[in-house]
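Report on the following structure.
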Amino acid sequence: MSRPIVATIDTSALRHNLAVARQAAPRSHVWSVVKANAYGHGIARVWQSLSETDGFALLNLEEAILLRESGWNKPILLLEGFFHADELPILDRYRLTTSVHSNWQIQALAKAKLSAPLDIYLKMNSGMNRLGFQPALVQQVWHKLKTLPNVGEITLMAHFAEAESNEGVTAPMARINQAAEGLNCPRSLANSAATLWHSHTHYDWVRPGIILYGASPSGDWQDVASSGLRPAMTLNGEIIGVQSLRRGDGVGYGARYRASDEQRIGIVACGYADGYPRHAPTGTPVWVDGVRTQIVGAVSMDMITVDLTPCQQAGIGTQVELWGNNIKIDEVAKAAGTVGYELMCALAPRVPVNVV
Ligand SMILES: *Cc1c(COP(=O)(O)O)cnc(C)c1O
């Protein structure tokens, strides 16, 4: 038998979370964001559970081709566009919608020999200062794109840096409205946070990612606790050893934890090489034998150590949930100083995945 660790992907949770996103933006089309191998869930495993979506948004041509070859015929959006001009024949062949954020891409589109026009997402920099044209250039770029026979429908796209805060979309929305004045084109602006919390940003297409997987865009589960989202990924391990400590005994590398009294601890078959965050400190919540307890001591490559004080019946073979329905991935992420996004994406290839 194999090492007792498994990630479970709940397809009904994915379906449900997509419905939650749709309810939040009932008049918009939905791009389901499946970049980074569907946030670590496995694009090949999950796309069919999200097939009620209007389109899939991602970054890699490989992922786009996988979707097309698996039978997805509806829109696919390349969020960062093409990276080199020689990719355009592939965009043409697989009918991919592409963002355009730089002048060289416009020149490449002008020169390319395509079988039919491609739909374009004109990416504007609304204040995040990563990709996109400055607001003052949007009209000029839009009119330029309009003259190109290779360009089909043009949608104005922007991305928010602070949509989880109340005022975080105010300044970007003002820039977008000003830049787009008089342009009669569809818009796509909203990520998960804006989909949930800023309905005036919704327009034609929303682009939720993290909420489809049942975690919070703010990093704090409390912020989405009432939204009905369900975690799509559960990471389970098992206790493979038990130690009885005396007062003063150290645990794990660096003896970063010492028992203040007699204490039973469980050794769980899950470590940072499985994707559990190495920075998770003593006190990070973990679910053992139906009870919330905490990890103690340093996370090692293949093991963590957990406090068995509140679960006296637990022993070798007892089930452990690292994250899932009982311990939200956001809680573990927060304890480790990161966000649920990173933990999902970091699930290691060596962890077997079960799809239910
Ligand atoms: C990743 C991404 C999204 C989705 O973000 P979430 O916070 O996961 O909802 C939307 N739009 C763009 C451009 C992205 O890169």
Side-chain angles (χ1 to χ4, degrees), residues 13-14 17-18 20-25 28-41 43 46-47 50 53-60 63-64 75-83 96-102 105 119-133 155-165 168-169 172-173 176 186-199 201-221 223-224 227 229 231-233 329-330 333 338-346:
L14 291 163
N17 295 338
L18 175 58
V20 169
R22 268 205 196 285
Q23 260 165 34
S28 307
H29 290 97
V30 177
W31 288 114
S32 289
V33 180
V34 291
K35 63 189 177 186
N37 201 21
Y39 289 49
H41 292 64
I43 194 165
V46 305
W47 75 268
L50 296 170
T53 193
D54 301 299
F56 285 110
L58 41 69
L59 303 182
N60 285 340
E63 293 178 336
I76 296 178
L77 170 63
L78 299 173
L79 288 163
E80 292 181 359
F82 48 101
F83 300 99
L96 308 179
T97 301
T98 179
S99 92
V100 166
H101 55 77
S102 295
Q105 292 174 315
D119 290 338
I120 299 296
Y121 268 49
L122 193 180
K123 182 140 189 192
M124 153 182 175
N125 175 5
S126 63
M128 188 188 271
N129 289 310
R130 294 191 318 191
L131 295 180
F133 293 97
T155 300
L156 183 68
M157 173 189 190
H159 189 48
F160 296 117
E162 300 178 277
E164 55 290 331
S165 83
V169 299
M173 281 304 284
I176 292 162
R187 297 187 195 186
S188 175
L189 313 175
N191 56 6
S192 290
T195 299
L196 285 184
W197 299 318
H198 302 289
S199 58
T201 67
H202 288 172
Y203 288 91
D204 304 275
W205 286 80
V206 294
R207 304 189 307 269
I210 192 77
I211 56 175
L212 301 177
Y213 309 99
S216 173
S218 68
D220 193 337
W221 175 256
D223 294 341
V224 294
S227 65
L229 295 175
M233 181 193 290
I329 197 168
D330 293 312
T338 182
V339 286
Y341 296 74
E342 187 182 13
L343 299 192
M344 293 174 183
C345 293

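Start at 1 and go down the list; that is how both ligands and their atoms are numbered. Note that the numbering runs from 1 along the sequence shown for the chain.
- With Ser218 as the partner, the side-chain contact (heavy atoms from CB on, under 4.5 Å) test is satisfied by one option alone out of Leu196, Asp223, Val224: Asp223.
- Of the candidates Leu229, Thr53, Val20, Leu18, Leu212 forms a side-chain contact (heavy atoms from CB on, under 4.5 Å) with just one, namely Leu18.
- At a threshold of 4.5 Å between non-hydrogen side-chain atoms, the residues Val30 and Pro208 count as touching.
- Of all non-hydrogen atoms in Leu50 and Leu14, the two that sit nearest each other are CD2-O, 3.6 Å.
- The heavy-atom pair separating Ala193 from Glu164 by the smallest distance is CB-N, 3.8 Å.
- By the 30° and 60° cut-offs, the orientation of the rings of Tyr39 relative to Tyr213 is parallel.
- For the pair Asp330 (side chain) and Asp220 (backbone), a donor-acceptor distance under 3.5 Å is absent.
- Taking distance alone, with nitrogen or oxygen atoms compared against 3.5 Å, Gly209 approaches ligand 1 more closely than that limit.
- Distances below 4.0 Å separate heavy atoms of Ser192 from the following atoms of ligand 1: 6 (P), 9 (O).
- Looking only at protein heavy atoms, the nearest one to atom 11 (N) of ligand 1 is Arg207 NE, 2.9 Å.
- Using a 4.0 Å heavy-atom cutoff, Tyr39 is listed among the residues neighbouring ligand 1.
- Taking every heavy atom of Ile210 and a limit of under 4.0 angstrom, the matching atoms of ligand 1 come to 6 (P), 8 (O), 9 (O).
- For ligand 1, the polar-atom distance check against Tyr341 finds a nitrogen or oxygen pair separated by under 3.5 Å.
- From the protein, the heavy atom lying nearest to atom 1 (C) of ligand 1 is Lys35 NZ, 1.5 Å.
- By the criterion of a heavy-atom distance under 4.0 Å, the side chain of Leu79, and not its backbone, is placed next to ligand 1.
- Only side-chain heavy atoms of His159 come within less than 4.0 Å of ligand 1; its backbone N, CA, C and O stay farther off.
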